[in-house]
Amino acid sequence: MNFLNEAANDYPGAISFASGRPAEEFFSLDSWLSAVPVYQAHAAKVSGESLPLAGRRLAQYGRTAGIVNALIAQQLRNDERIECDPQQIVVTAGCQEALALIVPALCRASGDVMLARNPTYIGITGVADFAGIEIRPVERHASESWEQALERTTARLRQEGKTPRGFYLTPEFDNPTGTVLSEAERRSIIAGCTAHRIVVLEDNPYGMFRFEGEPTAPMMTLDDSGCVIYLATYSKTLCPAVRVGAAVVPKQLFGSAAAAGRLRAELSERKSFVTVNTSQVTQALVGGVLLNEDASLARLVEAPRAHYRRNRDTLLSALETAFGERRGEVAWNRPEGGFFLSVTLPFDFGERETIECARDHGVIVMPMTFFSLDATRRREVRLAFSNAGVADIEAGVARLARYVDEKCCVAAP
Ligand SMILES: Cc1ncc(COP(=O)(O)O)c(C=O)c1O
């Protein structure tokens with residue numbers, strides 16, 4: 001990430017497809033701030049306290065596991081069909097804090113490792129690295145189910161004296177690839193993880209940004225064995241500055257209510273030494289918005305979703321214009337939602353190519369190797385289309401195409 005920030009600073013005129021930031025024109029800070037007193041009034045009513053006292057409580061240190069858990073539970077029921085009790089939820093400072101709390105709580109013994117799809121979100125790799133925990137890819141052969149791949153990966157790790165404890169994934173509009181896991185794949189992962197007592201971390205920041213097609217059931221709703229922890233965030237649906245996310249722990253972890261309770265207690269305890277509690281002011285903001293919106297974000301995401309869809313369409317047609325004649329040599333996927341797509345180029349694209357592209361052609365893209373756990377995916381790049389204008393998307397792809405042409409000419413014998 002530092003490398004990309006430096007590239008952006010060194011070449012300020014470059015059009016960037018690097019950052020998956022949400023589009024700022026939909027940040028409605030004034031109206032969201034005015035939702036704080038709405039939550040304050042709600043809290044006063046629920047507790048039977050006066051309005052000023054409820055306000056003073058908001059400004060004080062607060063409950064470590066959070067104060068808007070019941071509203072989050074309602075929103076997850078309405079928007080994601082996830083049934084959970086408020087007690088199952090630990091409110092966190094964004095999803096990133098949830099990862100930072102959960103990974104070391106799961107991997108406590110030496111030899112405990114995390115699994116992830118490959119490539120994977122940088123945030124989980126960073127958390128594991130900082131905690132000194134190894135993160136390994138679940139590689140799947142073409143003919144294999146996820147269950148079989150998990151079986152093979154687990155057996156290999158056991159031979160090395162290692163035990164996989166968690167499997168991180170973003171099943172809906174993955175960062176970095178933009179892909180979706182089918183319901184059959186989700187069920188296969190749950191079966192494999194249940195068999196080996198591996199906790200699935202289901203991260204879902206982009207699920208509400210589906211442009212077309214049928215939604216796939218969240219893994220938590222398919223899980224009968226209690227192996228899925230669901231991770232929610234308001235960073236993309238509202239804005240990242242709220243730093244409000246949530247971890248939903250199953251009622252029974254692998255069939256044990258006591259184990260689930262212990263994990264929740266441990267996450268709260270760890271959190272009490274990291275952030276003490278998630279800001280009650282921004283929890284009140286999220287809570288007030290949820291009260292105003294009948295505990296659903298469906299209405300609020302309509303406009304940004306249309307914007308992301310337009311950007312995806314612009315990007316797809318720009319890619320077709322630029323590379324249509326060499327399809328096969330250059331390939332890309334067509335995500336049905338989210339913020340990202342991936343492009344495969346006819347040559348390896350790493351740090352040197354990123355700099356050449358930014359310096360000589362004025363466009364910045366993310367090498368997929370940055371997300372790869374084993375240095376594969378060398379020819380792929382991630383394009384984020386969430387926070388760019390139409391003209392920039394078109395010009396950026398045209399610039400990328402000129403770079404690809406130049407590279408291919410140079411490479412030709
Ligand atoms: C897959 C994924 N998970 C988690 C996060 C972090 O979210 P938060 O802002 O809630 O910490 C991001 C942010 O880009 C993301 O792409």
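For ligands, and for the atoms within them, numbers begin at 1 and follow the listed sequence.
- Screening residues 385-396 for side chain to side chain donor-acceptor pair (under 3.5 Å) gives no qualifying pairs among residues at least two apart or on separate chains.
- Each of Gly94, Cys95, Gln96, Tyr121, Tyr168, Thr170, Asn175, Asp203, Pro205, Tyr206, Thr233, Ser235, Lys236, Arg243 has a non-hydrogen atom positioned under 4.0 Å from some atom of ligand 1.
- Here the side chains of Pro218 and Tyr230 are in contact, with some heavy-atom distance below 4.5 Å.
- Residues forming a ring-ring contact (aromatic ring centres under 6.0 Å, His included) with Tyr308 (at least two apart in sequence, or on another chain): Phe209, Phe339.
- Partners of His196 according to the ring-ring contact (aromatic ring centres under 6.0 Å, His included) rule, which considers only residues two or more places apart in sequence or in another chain, do not exist here.
- Looking at Arg326, its side chain never comes within 3.5 Å of a backbone N or O of Val330 through a donor-acceptor pair.
- Arg187 forms no cation-pi arrangement with Trp146, by the criterion of a distance under 6.0 Å to the ring centre and an angle within 45° of the ring axis.
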